[in-house]
K.L.:
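Quick one: the structure is below, and I'll ask about it shortly.
Naming convention: chains lettered A, B, ... in sequence-line order (proteins, then strands); numbering from 1 in each chain.
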4 protein chains.
Amino acid sequence: MPPTPPVPERRPHTGRRRNEAARQAILAAARRLLAAGGGEPVTVDSLAREAGIGKQTIYRWWPSKGAVLLEALTSTARDQVSTPDTGALESDLAAFLCDLFQAGTAPDNAAMLGTLLAEAARDPQVADLLRDFTRTRRGDLRTIVERARERGETAAGTDVDLLVDQAFGVYWFRFLSGHAPLTPEVARTLARTLALGAR
Amino acid sequence: MPPTPPVPERRPHTGRRRNEAARQAILAAARRLLAAGGGEPVTVDSLAREAGIGKQTIYRWWPSKGAVLLEALTSTARDQVSTPDTGALESDLAAFLCDLFQAGTAPDNAAMLGTLLAEAARDPQVADLLRDFTRTRRGDLRTIVERARERGETAAGTDVDLLVDQAFGVYWFRFLSGHAPLTPEVARTLARTLALGAR
Amino acid sequence: MPPTPPVPERRPHTGRRRNEAARQAILAAARRLLAAGGGEPVTVDSLAREAGIGKQTIYRWWPSKGAVLLEALTSTARDQVSTPDTGALESDLAAFLCDLFQAGTAPDNAAMLGTLLAEAARDPQVADLLRDFTRTRRGDLRTIVERARERGETAAGTDVDLLVDQAFGVYWFRFLSGHAPLTPEVARTLARTLALGAR
Amino acid sequence: MPPTPPVPERRPHTGRRRNEAARQAILAAARRLLAAGGGEPVTVDSLAREAGIGKQTIYRWWPSKGAVLLEALTSTARDQVSTPDTGALESDLAAFLCDLFQAGTAPDNAAMLGTLLAEAARDPQVADLLRDFTRTRRGDLRTIVERARERGETAAGTDVDLLVDQAFGVYWFRFLSGHAPLTPEVARTLARTLALGAR
DNA sequence: TCATAAACGAGACGGTACGTCCGGTCTTCTT
DNA sequence: AAGAAGACCGGACGTACCGTCTCGTTTATGA
């Protein structure tokens, strides 16, 4: 998810090219700072200093600080959640949710998400990016449910979107308010409930 | 919900008393600003100017800007959600969720909530207050489910917390990401699903 | 020469008043920094830090950094040059120029002037203020010459302005280019030359 | 006065040779920008854009931005001041000063000088170059006075440096502060005064 | 009735972060 | 090798807010 999608340029590019090392340094610094304190602010200056680059290099490539943080998060989290296919809805859900809960409660990720939500709340652009990210994850879960439907595991009138949102809803709601844990145990119970409800 | 509960002072009060008009002016201004733009910042200065009062009057009675905003929201939203008792879990849930969804999608409330979440994300104190607020609402829903359990409408091993969080999860998740609506129709479907799952 | 001349306000001022201590702290810090290095930049941040005040307090009362520096200089230099009255043009000139040269070559003043000129060069507003300051000093010298004219010490067609500018010209030209010294010896020679030329 | 004098290279030149057109384009652009606004900043980027060349081409041949600006000025002004030899000090001075004043008050030159002084004030290197430039002009005037001395037109104890600095001092002082004009009339009066003073 | 004390509108204050601008250097591709 | 294009680091700029701190004024007691 690079912020400057590779518009297939016809013109042979002239001038110095974007420094990939700088880009990686910025993202790495963002990950370090996001994970470091308990949701500490992560200022642009601290980010630039940590990465050893100039502030302008950040603003040249990302529209806002939050966009950097989001990319730092998503590029990390992309491969931490699988889309299992065990042949049964409940076990697929259980596997998916266990992964999701685990990724969301790993201290680093949790700190990053918390800080990121703070950015999203004040920067609409980040909020959009975050929604995009969420949409992708939703798609993964939808795939699992669709497969089950094709296998005939779900009743006719099942509202797939609603089912998916119940799963993610529990995840986000507990993540945000923290009033109850996100253990594998909970993941399995939720998987059972949802699978039952879909029949 | 005055933030400074009237500690029963021994010493007979002297000096000018709190100006209730100022308090109301602040809350009204907060509601106006929260509802106005699409999640615009609502600075303390703008709040004071809008209310026609001095900044100190805000900080004299509330611990932070967010606390004002939260009180502005909750004092509005308090009575928009009922705790119905129809004698059947599904209809109780449906009534509760219809109210919840309706309150959450009313344009003013939605704008206020959005802006407030932005504050919560950066001000831990507001986040706590917001959690308190949420806890109250959760308690209402729990009450409904508990009543159903006493009537024998739920299975033995039902995880009441999880059930409640599915309901609120759908609400918050859709509210935040906006990828799907929060219609009464959805509320009824969700109520049916949850009631079925509880059996 | 306060930046906010005392407009005789009719309205009884409301709100906190300007903090004179802060104003003095800023000017003192400016003098310290101007005198410190050999014409080092004096950034606004360093000025604020040195004075222990917020940047905004500077920008609230002065239009630009240079305006602060100029006021710091002029409030110091105001009383270092006298307007002597010995009864003879040459000795008056000699006294005046000795003072002028001495004030201009004192290490602190020289450093301050140098740094200030750098500001004046890029900030037209400071240039104007500097011109005002210069105009005042010119006036002092003119007074001396006028007095001599009234005593009949000058020829009829003497161009007083030109005479004054020759004196200040030597001062500034040598100060800026530094190719020759500004000793009392030179001051006396110049005084003699000018007095002779005026006859 | 090219900054890189053509050292007679022994090594048979390899690679592309210096592009004289680029050099001229840079100087022309500098003159245009210097003369354009009322002392506007003239950034390196704007200079490169105006000249249609890359920034590096500037820094390959000049040590700093100000050096370019100075060369742009001096290469223009070089031949605008003559060193006349009429056989009499006063008329020589008058001719010299008329030229000097005229060159310094031509709108373009004035704008260029103003902008350049701004650079000199913040860039010591430019200040040095500017001093060099001034020294050359001073040398011209000294020559005039020395010739007069050889002809016996000056008194024994005349301080030639001081005389020269009176002339240039008037010029710079009036140029900088702008409080009085630099007309040919003034030039002639000044010439007469100085010639008288030297006897 | 008057002194005292608190609340108020106004707004200056110290401080932190922001996003922009510019100078001088470095890198890429073309000539 | 020189040039055009332009990304890079570093650092100052001027602005926006926050939460605190005076000011002078207003209002309610208790002496």
K.L.:
Which whole-number value in Å describes the distance from C/R49 CZ to E/dT16 C1'?
P.N.:
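Rounded to the whole Å, the gap is 13 Å.
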
K.L.:
B/I58 CD1 to E/dG9 C1': how many Å, rounded?
P.N.:
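Those two atoms, CD1 and C1', are 12 Å apart.
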
K.L.:
Can you measure A/W61 atom CH2 to F/dC9 atom P for me and round it to whole angstrom units?
P.N.:
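A/W61 atom CH2 is separated from F/dC9 atom P by 12 Å.
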
K.L.:
Examine F/dG24: is either OP1 or OP2 under 4.0 Å from a nitrogen or oxygen in the side chain of C/R17? Give yes or no.
P.N.:
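Checking C/R17 against F/dG24: at least one side-chain N or O falls below 4.0 Å of OP1 or OP2.
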
K.L.:
So is A/R17 actually on top of A/W61's ring, under 6.0 Å and inside 45° of the axis?
P.N.:
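So A/R17 doesn't make the cation-pi contact.
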
K.L.:
If I take atom CG in residue D/D45 and atom P in nucleotide E/dT20, what distance separates them, rounded to the nearest angstrom?
P.N.:
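Result: 16 Å.
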
K.L.:
Sequence neighbours excluded, which residues qualify as salt bridge (Lys or Arg N to Asp or Glu O under 4.0 Å) partners of D/R49?
P.N.:
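Checked D/R49 against salt bridge (Lys or Arg N to Asp or Glu O under 4.0 Å); zero matches.
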
K.L.:
Take D/A51 and A/E20, find for each the nucleotide of DNA chain F with the closest heavy atom, and name the residue whose nucleotide sits nearer the 5' end.
P.N.:
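It is D/A51 whose nearest nucleotide is closer to the 5' end.
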
K.L.:
Using atom CD of A/Q56 as one end and atom C1' of E/dC22 as the other, report the distance to the nearest whole Å.
P.N.:
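Whole-Å distance recorded here is 10 Å.
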
K.L.:
Between C/N19 and A/G15, which is nearer to the 5' end of DNA chain E once each is assigned its nearest nucleotide?
P.N.:
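Final value for this comparison: C/N19.
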
K.L.:
Assign each of B/T57 and A/K65 to its nearest nucleotide of DNA chain E by heavy atoms, then name whichever residue's nucleotide is nearer the 5' end.
P.N.:
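Closer to the 5' end of DNA chain E: B/T57.
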
K.L.:
Considering only heavy atoms and no angle criterion, is a donor-acceptor pair shorter than 3.5 Å present between the side chain of B/R16 and the base of F/dA28?
P.N.:
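It does not, because no donor-acceptor pair links the side chain of B/R16 to the base of F/dA28 below 3.5 Å.
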
K.L.:
If I take atom CZ in residue A/R18 and atom P in nucleotide E/dC29, what distance separates them, rounded to the nearest angstrom?
P.N.:
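Taking atom P of E/dC29 as the reference, CZ of A/R18 is at 17 Å.
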
K.L.:
Where the side chain of A/T43 is defined as all heavy atoms beyond and including C-beta, which of F/dG24, E/dA17, E/dT28 is the nearest nucleotide?
P.N.:
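Per side-chain heavy atoms of A/T43, the pick is E/dA17.
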
K.L.:
Identify which nucleotide among F/dA5, F/dT20, F/dG3 has an atom closest to any side-chain atom of A/T14, counting heavy atoms from C-beta outward.
P.N.:
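The answer is F/dA5.
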
K.L.:
D/T57 vs D/R60, test: side-chain contact (heavy atoms from CB on, under 4.5 Å). Steps then yes/no.
P.N.:
CA-CA 5 Å; D/T57 303; D/R60 209 187 320 272; 4.1 Å; yes

K.L.:
To the nearest Å, give me how far apart CD (B/Q24) and P (E/dC8) are.
P.N.:
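Taking atom P of E/dC8 as the reference, CD of B/Q24 is at 13 Å.
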
K.L.:
Identify which nucleotide among F/dT20, E/dG23, E/dA7 has an atom closest to any side-chain atom of B/R60, counting heavy atoms from C-beta outward.
P.N.:
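Shortest atom-to-atom distance from the side chain points to E/dA7.
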
K.L.:
Below the 4.0 Å mark, does E/dG15 have OP1 or OP2 next to a side-chain nitrogen or oxygen of C/K55?
P.N.:
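Checking C/K55 against E/dG15: no side-chain N or O falls below 4.0 Å of OP1 or OP2.
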
K.L.:
side-chain contact (heavy atoms from CB on, under 4.5 Å), that's the test. Do D/I58 and D/K65 meet it? Break it down for me.
P.N.:
CA-CA 8 Å; D/I58 295 175; D/K65 180 183 63 169; over 6 Å; no

K.L.:
Using the side-chain contact (heavy atoms from CB on, under 4.5 Å) rule, take B/L27 and B/W62 through it: C-alpha gap first, then chi angles, then the decisive distance, then the call.
P.N.:
CA-CA 11 Å; B/L27 290 175; B/W62 287 274; 4.0 Å; yes

K.L.:
Distance check needed: F/dA5 P versus D/L47 CG, whole Å only.
P.N.:
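That distance rounds to 13 Å.
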
K.L.:
Between C/V44 and D/I53, which has a closest nucleotide on DNA chain F that is more 5'?
P.N.:
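The answer here is D/I53.
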
K.L.:
Does D/Y59 have a side-chain nitrogen or oxygen under 4.0 Å from the phosphate oxygens OP1 or OP2 of E/dT25?
P.N.:
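So the side chain of D/Y59 is outside the cut-off, no N or O lying under 4.0 Å from OP1 or OP2 of E/dT25.
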
